[in-house]
Amino acid sequence: IHFQYCTTVNMQFDLTAGDCLLQVQRSALQFAIMSEPIRVLVTGAAGQIAYSLLYSIGNGSVFGKDQPIILVLLDITPMMGVLDGVLMELQDCALPLLQDVIATDKEEIAFKDLDVAVLVGSMPRREGMERKDLLKANVKIFKSQGTALEKYAKKSVKVIVVGNPANTNCLTASKSAPSIPKENFSCLTRLDHNRAKSQIALKLGVTADDVKNVIIWGNHSSTQYPDVNHAKVKLQGKEVGVYEALKDDSWLKGEFITTVQQRGAAVIKARKLSSAMSAAKAIADHIRDIWFGTPEGEFVSMGVISDGNSYGVPDDLLYSFPVVIKNKTWKFVEGLPINDFSREKMDLTAKELTEEKETAFEFLSSA
Ligand code: NAD
Ligand code: LMR
C-alpha cells in the first residue's frame with residue numbers, strides 16, 4: 001500500500017498561548033490509500049471492441065476508482081501502427097489510474113505477470129456466417145495464448161475470453177494452461193444476458209435495471225437458451241416473476257428467445273460489423289462482477305467450466321450458467337427447477353458445445 005500526500009501540511013505557532021500549536025488542517029492533509037497496480041492485458045487492442053473497452057478500464061469503472069493499472073495491449077505485427085494511435089489516445093485521455101501502458105506484438109511481453117487477461121483478439125464473423133465457422137481461424141490463437149498464460153502469467157490470473165466461438169476458445173485456452181485453475185477462466189455471455197434483460201424491459205416499459213436474474217444457458221451461439229423462468233421484474237415497487245408480469249407466454253417462448261439468439265447476426269446485418277459498444281459494456285459488467293462480486297439476491301450469466309454442476313450438463317464443457325460471485329470466486333446458482341421446455345433447450349446447446357469441442361481438438365491435433 002502506498003500513501004500519497006495530496007497537499008502540504010500547514011504549521012502555525014500560537015505565541016500568545018505560549019505553546020506551539022500544530023494545526024493540521026484536515027482538508028489539507030489527505031492520505032489517499034492507493035493499492036498496488038494490477039497488470040491487465042487486452043488482446044486485439046487495435047480492434048473495434050477494444051476501442052470501446054479501453055477507456056472504461058482506464059477510467060476506473062471496471063476495477064474501481066482507486067485501483068492503479070498497468071495496461072498491456074497486444075495485437076499482431078501488421079496492426080502495430082494502428083495500436084500506436086490507440087496508445088497515443090490513451091495517453092491523451094490523461095487518466096490518472098493508468099500507471100503505464102505497454103503496446104506490443106510479443107506474447108512473452110504481453111502475458112508476463114498478469115492479474116487479468118481479456119482475450120478479445122481474433123477474427124469476427126461476417127454476414128451469413130455462424131460463430132462456429134470461425135473455429136478453424138481462431139482456435140489456434142487461443143491455444144497459443146493459453147500456452148503463454150501457462151508460461152508467463154500469475155497462477156491467480158483471471159482470464160476472460162471474448163473472441164468467437166468464445167466458449168470453445170475459452171476451453172482451449174484453459175486446457176493449454178493446466179497449472180492455472182480452470183475456475184479462473186470464463187467466457188462472455190453477459191452480452192446475451194444484457195440483451196435478454198433489455199428485451200424484457202422494453203416489452204414492459206421499465207428500465208433494464210428493473211429486470212434481474214435472467215439466465216443464458218450454454219453456448220454464445222444461436223443455440224443458446226435465454227431463460228426467464230426465474231427472472232423477476234420490479235413493477236410499481238413490487239418484484240414479480242417475468243411470466244406473471246408479461247402474461248404473454250407465446251412471446252416469451254418464441255420471439256423473445258429467437259431475438260436474443262439472433263441479435264449478434266442482426267447487428268452484423270445492420271452495421272456490417274459485429275457489435276462492439278455493447279460487447280465492451282458487457283465485458284466491463286462481467287469483469288466488474290468478478291472483481292467486486294454480484295449484488296445480494298442477484299445472479300449473472302457466465303461461460304464457466306461445467307465440472308460438478310447439478311443441472312445435468314456434461315462435465316468438461318465451457319457452458320454458460322447462472323452464477324453468483326464473492327471474493328473473486330464464482331459458484332453455480334443451485335436448485336433452480338428446470339421444466340421440460342428448458343431441459344430440451346439446455347441439452348441442445350450442450351450437444352452443440354460437445355461437437356464444437358471435438359472439432360476444435362481435431363483442428364489442433366492436425367495443425
Ligand atoms: P476486430 O476485427 O475489430 O478486432 C480484432 C483484433 O484482433 C484486430 O485488431 C486483430 O488484428 C486482432 N488479432 C487477431 N489475431 C490476434 C492475435 N493472435 N493476437 C492479438 N490480436 C489479434 O474484431 P472485434 O469486433 O473487436 O471482435 C473481436 C472478437 O470478439 C471477434 O471474434 C468477435 O466475434 C468477438 N465478439 C464476441 C462477443 C461475445 O459476446 N462473446 C461479442 C462481440 C464480438
Ligand atoms: C455478438 O453476439 O454480437 C458477437 O458474438 C458477434 C457475433 O458474431 O454475433
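Order of appearance sets the numbers: ligands from 1, and atoms from 1 within every ligand. Computation of the quantities below employed the complete heavy-atom set of this structure, encompassing side-chain atoms and omitting hydrogens, waters and symmetry-equivalent molecules.
The shortest side-chain heavy-atom distance between V139 and N169 falls under the 4.5 Å cut-off. Taking 4.5 Å as the limit, some side-chain heavy atom of F111 sits within range of a side-chain heavy atom of L41. With a 4.5 Å cut-off on side-chain heavy atoms, F142 and T168 do not count as touching. When side chains are defined from C-beta on, V82 does not count as touching D75, because their heavy atoms never get closer than 4.5 Å. Taking the side chain as every heavy atom from C-beta outward, V206 and I200 never approach each other to under 4.5 Å. Contact check for S320 versus H220: no side-chain heavy atoms found under the 4.5 Å cut-off. Counting heavy atoms from C-beta on, the side chains of F63 and L97 never come closer than 4.5 Å. Residues E344 and L348 are not in side-chain contact: their nearest non-hydrogen atoms beyond the backbone lie 4.5 Å or more apart.
Among residues two or more places apart in sequence or in another chain, the side chain to side chain contact (heavy atoms under 4.5 Å, CB included) test is passed with R288 by A284, D285, F292.
Judged by the shortest distance from any of its heavy atoms, S122 lies inside the 4.0 Å radius around the atoms of ligand 1. Residue contact annotation: Q145 has a non-hydrogen atom under 4.0 Å from ligand 1. The shortest separation from a heavy atom of N164 to ligand 2 is under 4.0 Å, placing the residue in contact. A heavy-atom separation below 4.0 Å is found between R195 and ligand 2.
Within ligand 1, the atoms closer than 4.0 Å to a non-hydrogen atom of G47 are 3 (O), 4 (O), 9 (O), numbered from 1 in the order shown. Listed by atom number, the atoms of ligand 1 under 4.0 Å from M123 heavy atoms are 31 (C), 32 (O). Interface of S274 with ligand 1, defined as ligand atoms under 4.0 Å from a residue heavy atom, comprises 25 (O). Heavy-atom proximity to S274, at under 4.0 Å, picks out these atoms of ligand 2: 6 (C). Close contacts between ligand 1 and S275 involve ligand atoms 43 (C) [criterion: under 4.0 Å to a heavy atom]. Set against the non-hydrogen atoms of V162, the atoms of ligand 1 under 4.0 Å away are 30 (O), 35 (C), 36 (N), 37 (C), 38 (C), 39 (C), 41 (N). Applying the 4.0 Å criterion to heavy atoms of M79 picks out, from ligand 1, the atoms 9 (O), 11 (O). Near G44, with a cut-off below 4.0 Å to any heavy atom, the atoms of ligand 1 are 6 (C), 7 (O), 12 (C), 20 (C), 21 (N). Using a 4.0 Å cut-off to heavy atoms of A279, the atoms of ligand 1 that qualify are 42 (C), 43 (C).
Ring geometry, W251 versus F256: the interplanar angle falls from 30° to 60°, so the pair is classed tilted. Under the 30°/60° scheme for interplanar angles, the aromatic rings of F321 and Y319 are found to be tilted.
When hydrogens are left out, the protein atom nearest atom 30 (O) of ligand 1 is I49 CD1, 3.5 Å; that is the closest non-hydrogen contact. The nearest heavy-atom contact from the protein to atom 39 (C) of ligand 1 is H220 NE2, 3.2 Å. When hydrogens are left out, the protein atom nearest atom 29 (C) of ligand 1 is V120 O, 3.3 Å; that is the closest non-hydrogen contact. Summary of contacts: the protein heavy atom closest to atom 5 (O) of ligand 2 is H220 NE2, 2.6 Å. The protein heavy-atom contact nearest to atom 3 (O) of ligand 2 is S275 OG, 2.3 Å. Scanning the protein heavy atoms around atom 17 (C) of ligand 1, the nearest turns out to be I76 CG2, 3.6 Å. Closest to atom 7 (C) of ligand 2 among all protein heavy atoms lies R125 NE, 3.2 Å. Taking atom 25 (O) of ligand 1 as the reference point, the nearest protein heavy-atom neighbour is Q48 NE2, 2.9 Å.
Shown here for Y152 and E107, the closest heavy-atom pair between the two residues is CD1-O, 4.2 Å.
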| request: Walk me through it: do Q224 and T189 pass the test side chain to side chain contact (heavy atoms under 4.5 Å, CB included)? | output: CA-CA 9 Å; Q224 67 177 267; T189 54; over 6 Å; no

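Scanning D75, I268, N164 for the heavy atom closest to atom 11 (O) of ligand 1 points to D75. Ranked by closest heavy atom to atom 2 (O) of ligand 1, the top entry among S144, P124, A110, G121 is P124. The heavy atom nearest to atom 15 (N) of ligand 1, considering only I141, L74, L83, is found in I141.
Checked by atom type and distance alone, the side chain of N167 pairs as donor or acceptor with a backbone atom of G218 at under 3.5 Å.
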N/O donor-acceptor pairs under 3.5 Å from side chains in residues 112-124, not counting sequence neighbours:
| from | atom 1 | to | atom 2 | distance (Å) |
| --- | --- | --- | --- | --- |
| D115 | OD1 | K154 | NZ | 2.7 |
| D115 | OD2 | R39 | N | 2.8 |
| D115 | OD2 | K154 | NZ | 3.4 |
| S122 | OG | V120 | O | 3.0 |

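For ligand 2, the polar-atom distance check finds an N/O of R131 within less than 3.5 Å of one of the ligand's N/O atoms. Distances between N or O atoms of T43 and those of ligand 1 include no value under 3.5 Å. For a threshold of 3.5 Å applied to N or O pairs, the pair formed by D192 and ligand 2 contains no separation below that value.
Cation-pi geometry between K345 and F341 is satisfied (NZ or CZ under 6.0 Å from the ring centre, within 45° of the ring normal).
Proximity of I268 to ligand 2, defined as any heavy-atom pair under 4.0 Å, is confined to the side chain (atoms from C-beta onward).
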